[in-house]
Amino acid sequence: MREARQRRDPADSPLAAPPRLSTAVGRFVLGSLAAVLVVVVGGFFALRTVTIDEAKRGTRELVQAQGRLVEEAGLTDAVLRLEPAAVARLDKLVQDQVARGSVARVKMKARDGTILYSDEPALIGMRFEIEQEEQELFETGGVEVELSDLSEPEHRYERSAGELLEAYTPIRTPNGTPVLFEIYERLSSVNASAERLLGALAPPLLGGLLVLLIFQVPLAWQMARGLQRGHREREGLLTNAVEASSQERRRIASDLHDGIVQDLAGVAFGLAPLVADADRRGSAAEATALRGAISRLRQGVRDLRTLLVEIHPPSLETTGLEPALNDLLSPLVSENITTELHMDDSAASGNGSDALVYRVAREAVRNAFAHGAPQKVCIDVTHPREGVTRLVVTDDGRGFAPEERERRAGEGHVGLTLLESLVTQARGRLDIRSQPGQGTTVKLEVPAT
Ligand SMILES: Nc1ncnc2c1ncn2[C@@H]1O[C@H](COP(=O)(O)OP(=O)(O)OP(=O)(O)O)[C@@H](O)[C@H]1O
Ligand SMILES: [Mg+2]
C-alpha cells in the first residue's frame, strides 16, 4: 500500500519567499556576462578554425610553387649522395628564395626517410621513419598539409618557432628519383588573423549584447520587484484572513458567553429553589421534572462552554500551552477515546511558537476526531534540539491516501493546506504521514522563538 507522505517542499508553497532583488538581478547580469564570454571565446575558436583552413590552402599553393622552383633550379642527382657542393648550391637557392617570411624550415627527404637537405644543417643525413601518408605521396603525387606535432624527434629544431603548418609534395631529381619536398609555415600569423577578425566583429557584437543588457536589467529589476510585492501582498492577505477569522471567533465567543451562557446559567440557578419548594409541598412529580430541566440546562451550559473553548481557545499566554492542549483532547475523552499528552518540561514553559503549535495540534486532533474514528490520540511536544519545538500528533484511526486529501481539497476542505502555508511562513516544517488503515501522524518542527 502506498504511504501518503505529504510533506511539501517549501519552495512549492505559495508563501515561499522570492529571491532578494539584488540576488535576482545579480544572477541575470552574471548569466548575460557568461553568454558574452561564450560568444567571445567560441567566436575566437570558430574564426581560428576558419583561418587555419584558409592558411592551409595558402601553404598548399606555396609548397607546390616552391617545389617546382627547387626542382627546376637547384635539385641535382648529387644531392641524393649528399655531395657537399650540390648541397651548398641547393642551400643558396633555398636561403635566397624559399626560407623567407613565414617559412620557418625547409626539408627534403629520400624515400627511406633520410634527410637529404635542410636549411638546418644538423638535420642533413639523419633518418626518420616516413609516415604512411607521406609514402603514398611518392606514388600518387599531390600535396599534404597538416599541423605539426612538435613533440616528434624530427621536429626538435623547430620547437622554438611556435605552432607550425607542415606541407609536403614529391619532386624529382633530373634522373627521375622522387624526393619529398617539405616546408613549415608559422601559424602565429593565423592567430593574429583570427584576433584581427574578432577585433573587427567584436565591437558590433558586444555593443549589441550590451544594449540588450541595458534594456533588460531594468526589466529584470521590475520583475523581481513585482514578485516581491506579490509575495508581500499574499503574506498580508493571509495574515489579515487569519486575524479576521480569529477576531470574528472572539466576537462570537464573547457574545455567546455574555448572552446565552449567562442567561441559561441564571435560569438554572433560579430554578434550584423551586425544587426545594416542590419537595416541601410533597409534589414529587414536579420536583423530578424541575430536577431534569435543571440538569439539562447545566449540561447545555457545559456544552456551550466547551464550544467556547473550541471557537476561541483560551489565551495561551495566560493559561499556557499544556492546559490548552488538554482542553483540545477533552471532547475526545467524553467519546471514550484514549488520549495522551506528553510535554517536555522545557516545552511547557512557553514560547513564541506556542500559537502555531496549538493551531497545528487543533487541526490534527479535529481531523482525527472528524475523519479517523480513532481509539487513541496522542500529542507530544518536545524540544529535540536547541531552538526547535517539535509537535507530533498521532492517531490510530482509518488513515487516508493522498488522492482522498486532494479530492477533499478540491471541495474546499483545506485545513491541512492552510496549515502548511502558516508553517512555511514561520520557517517551520510540516510532515503529514498517513496510510489507509494505518492511522495518521502529523509532525511539526518550528523555530522556538
Ligand atoms: N487524521 C485523519 N484521519 C483520517 N483522514 C484524515 C485525517 N486527517 C485528514 N484526513 C483526510 O484528509 C482530508 C483533508 O483534511 P483537511 O484537514 O485538509 O480538510 P477537512 O478536515 O476535510 O476540512 P477542513 O479542515 O477544511 O474543515 C480530510 O477530508 C480527510 O479525508
Ligand atoms: Mg481539517
Side-chain angles (χ1 to χ4, degrees), residues 1-10 12-15 234 237-249 252-253 306-313 324-342 355-381 390-426 428-446:
M1 226 183 276
R2 196 144 66 89
E3 184 173 312
R5 180 141 195 263
Q6 308 186 355
R7 198 174 103 213
R8 297 184 180 182
D9 189 335
D12 293 345
S13 157
L15 290 169
R234 280 201 308 279
L237 283 176
L238 187 85
T239 316
N240 284 349
V242 172
E243 186 49 31
S245 115
S246 56
Q247 266 179 14
E248 193 60 9
R249 281 163 180 272
I252 295 172
T306 310
L307 193 64
L308 285 184
V309 172
E310 265 279 296
I311 295 174
H312 178 56
L325 293 178
N326 250 325
D327 284 348
L328 272 185
L329 290 173
S330 56
L332 278 64
V333 177
S334 50
E335 294 290 325
N336 287 330
I337 298 169
T338 313
T339 60
E340 274 179 26
L341 171 64
H342 304 285
L356 187 62
V357 170
Y358 178 80
R359 183 87 167 65
V360 172
R362 189 176 66 186
E363 183 62 31
V365 170
R366 267 190 196 159
N367 277 352
F369 188 53
H371 313 295
Q375 292 183 346
K376 187 172 177 188
V377 174
C378 301
I379 301 182
D380 265 283
V381 187
R390 178 188 287 163
L391 161 80
V392 182
V393 183
T394 42
D395 72 68
D396 60 356
R398 62 170 186 83
F400 64 99
E403 301 81 51
E404 181 181 341
R405 188 183 150 194
E406 265 166 42
R407 181 177 53 75
R408 295 280 292 167
E411 294 164 359
H413 295 273
V414 288
L416 292 176
T417 312
L418 272 176
L419 274 193
E420 280 170 339
S421 298
L422 279 175
V423 170
T424 309
Q425 196 183 5
R429 269 176 32 193
L430 190 66
D431 194 2
I432 302 163
R433 288 175 187 230
S434 191
Q435 199 173 321
Q438 305 282 306
T440 303
T441 302
V442 175
K443 182 170 143 195
L444 163 79
E445 278 193 0
V446 70

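Remember, it's 1-based here, ligands and their atoms both numbered in the order they're listed.
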Under 4.0 Å, heavy-atom basis, I'd like to know which part of R366 is in contact with ligand 1: side chain, backbone, both or neither.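 No part of R366 comes within reach of ligand 1.
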May I ask you to identify, for T440, whether its side chain, its backbone, both or neither come under 4.0 Å of ligand 1 on a heavy-atom basis?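 Within the 4.0 Å criterion, T440 contacts ligand 1 through side-chain atoms alone.
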What protein heavy atom lies closest to [atom]? Include the residue and the distance to one decimal.
atom: atom 24 (P) of ligand 1; result: G415 N, 3.8 Å
atom: atom 14 (C) of ligand 1; result: R405 CG, 3.8 Å
atom: atom 29 (O) of ligand 1; result: R408 NE, 2.6 Å
atom: atom 6 (C) of ligand 1; result: F400 CD2, 3.3 Å
atom: atom 25 (O) of ligand 1; result: E363 OE2, 2.8 Å
atom: atom 1 (N) of ligand 1; result: D395 OD2, 3.0 Å
atom: atom 17 (O) of ligand 1; result: N367 ND2, 2.7 Å

For the Mg ion (ligand 2), what is the closest N, O or S atom on E363?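 So the atom name we want here is OE2.
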Sidechain N-carboxylate O distance under 4.0 Å for [X], [Y]:
X: E411; Y: R407; value: yes
X: K376; Y: E335; value: no
X: E403; Y: R408; value: no
X: D431; Y: R429; value: no

Nitrogen or oxygen of A364 less than 3.5 angstrom from that of ligand 1: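 Looking only at distances, the answer is no, because the N/O contact criterion of under 3.5 Å is not met.
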With a 4.0 Å cut-off on heavy atoms, does G399 reach ligand 1?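 Yes.
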Taking the non-hydrogen atoms of A370, is any one of them nearer than 4.0 angstrom to ligand 1?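 The answer is no: ligand 1 sits nowhere under 4.0 Å from a heavy atom of A370.
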Nearest non-hydrogen contact with atom 21 (O) of ligand 1 belongs to which option: H371, H413, E404?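 Minimum heavy-atom distance to atom 21 (O) of ligand 1 goes to H371.
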